[in-house]
Amino acid sequence: MYEGDVLAGNWRRPGKGKIPKVPAEPDLVVEDADSGFCGAVVACDKEAVTLEDRFGRRRLFPLAPAAFLLEGKPVTLVRPAAAPAGPRRSASGSIAVEGLRARVARESRIYVEGVHDAALVEKIWGHDLRVEGVVVEYLEGVDDLPAIVAEFGPEPGRRLGVLVDHLVPGSKESRIAAEITSPDVLVVGHPFVDIWQAVKPSVLRIPAWPDVPRGVPWKEGVIAALGWRMEPAEAWRRILGAVSSYTDLEPELLGRVEELIDFVTEAS
């Protein structure tokens with residue numbers, strides 16, 4: 001019934017022309033046929049591809065013929081074609097200003113709760129903020145927000161925008177925000193317990209952000225639930241490093257930051 005030995009030859013290196021070529025697009029999941037290392041594509045150049053497995057480990061592999069398995073079948077990975085030229089976009093999705101010289105800072109400001117919030121806002125909206133001349137500062141919490149607002153002295157042309165974590169009905173944060181009544185201050189927030197949750201779980205290749213029991217420090221609880229053996233500072237570097245554009249963030253944060261930028265740059 002069969003012609004020849006069905007087990008003859010190298011199944012990983014079939015004859016020329018029988019192996020499909022597949023562009024090594026970001027997030028494509030493949031397995032290295034020789035080592036069995038399985039991961040998603042995170043980078044590719046003309047000679048090699050970098051894969052990252054579900055534990056965050058990365059390995060570099062040469063773009064050899066039939067060197068990978070895609071859904072169990074041998075493929076040859078190739079460098080993706082260059083995208084058509086067009087206006088360069090910033091991380092926030094806005095058209096980048098070439099040769100940008102930062103505008104002299106406005107008197108208006110945006111305040112966020114902590115250093116992690118400030119780092120994430122800078123990474124995604126930093127270009128836009130420099131175009132507009134807006135400085136972002138962090139508060140280390142909102143407990144003293146009314147006093148901080150009073151010290152800032154908001155007025156027309158000197159506006160203040162505040163981004164608050166966990167701004168949901170009935171929360172401590174919502175009660176504090178309600179004390180701010182100046183028309184030159186805008187307090188908005190997102191529903192997440194911490195800014196970490198504003199990063200889409202898929203970006204970190206986890207199914208969802210874990211639920212942390214009451215009484216357990218949130219960051220430490222998340223790290224333990226995910227099985228990450230690291231301190232919160234190292235975990236944040238991992239999270240922030242996985243974010244490259246606005247598409248990696250939840251819309252509940254995106255809309256609020258854009259709203260704040262519009263508010264502090266309006267009529268000023």
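Residues take their numbers from the sequence shown, with the count starting at 1.
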(request) May I ask you to say whether R256 pairs ionically with E259, meaning some side-chain N is under 4.0 Å from a carboxylate O? (result) yes
(message) Less than 4.0 angstrom from a charged side-chain N to a carboxylate O is my criterion; do D53 and R205 meet it?
(response) no
Which atom of [X] lies closest to which atom of [Y], heavy atoms considered:
X    : Y    : result
A24  : P80  : O-CG, 3.3 Å
S171 : S174 : O-OG, 2.7 Å
V203 : V243 : CG1-N, 4.5 Å
L63  : C44  : CD1-SG, 4.0 Å
E179 : P146 : OE1-CG, 3.3 Å
G189 : L167 : N-CD2, 3.3 Å

(request) Would you mind telling me which of L129, L260, D128 makes a side-chain contact (heavy atoms from CB on, under 4.5 Å) with V121? (result) L129
[X] with [Y], same ILVMFWY side-chain cluster at under 4.5 Å:
X    : Y    : answer
V257 : V187 : no
V199 : M230 : yes
L69  : V42  : no
W228 : I195 : yes
I239 : V212 : yes

(request) Take the angle between the ring planes of W209 and W218 and call it parallel below 30°, perpendicular above 60°, tilted in between. (result) tilted
[X] versus [Y]: any side-chain heavy-atom pair under 4.5 Å?
X    : Y    : value
V41  : E25  : no
V115 : W236 : no
R59  : L51  : no
P232 : I223 : yes
P201 : E250 : yes
D248 : I124 : no
L160 : D184 : no

Reported [atom1]-to-[atom2] distance for the pair [X] and [Y], which is rounded to 0.5 angstrom:
X    : Y    : atom1 : atom2 : value
D45  : L60  : CG    : CG    : 7.5 Å
D117 : Y138 : CG    : OH    : 11.0 Å
I110 : I261 : CD1   : CD1   : 5.0 Å
Q197 : E252 : CD    : CD    : 10.5 Å
F192 : L253 : CZ    : CG    : 7.0 Å
E173 : H166 : CD    : NE2   : 6.5 Å

(message) Check this for me: R54, atom CZ, are more than 12 non-hydrogen atoms of other residues, nucleotides or ligands nearer than 6.0 Å?
(response) no
(request) State whether the number of non-hydrogen atoms from other residues, nucleotides or ligands found under 6.0 Å of E231 atom CD is greater than 12. (result) no
(message) Show me the pairs that pass salt bridge (Lys or Arg N to Asp or Glu O under 4.0 Å) and involve residues 63-78, at least two apart or across chains.
(response) none
Examine distances only and state if a side-chain atom of [X] and a backbone atom of [Y] form a donor-acceptor pair shorter than 3.5 Å.
X    : Y    : result
K21  : V78  : no
D144 : A147 : no
R106 : E132 : yes
T76  : P65  : no
R109 : V134 : no

(request) Would you check, one step at a time, whether the test side-chain contact (heavy atoms from CB on, under 4.5 Å) holds for L249 with K200? (result) CA-CA 5 Å; L249 304 181; K200 293 179 179 178; 5.9 Å; no
(message) Could you walk me through whether V112 and L139 satisfy the side-chain contact (heavy atoms from CB on, under 4.5 Å) test, starting with their C-alpha distance in whole Å, then the side-chain angles of each, then the deciding distance to 0.1 Å, before giving a yes or no?
(response) CA-CA 6 Å; V112 297; L139 303 171; over 6 Å; no
(request) Walk me through it: do L163 and Y111 pass the test side-chain contact (heavy atoms from CB on, under 4.5 Å)? (result) CA-CA 6 Å; L163 180 68; Y111 285 174; over 6 Å; no
(request) Show your working on side-chain contact (heavy atoms from CB on, under 4.5 Å) between E220 and V216 and close with a plain yes or no. (result) CA-CA 8 Å; E220 287 78 0; V216 176; 5.5 Å; no
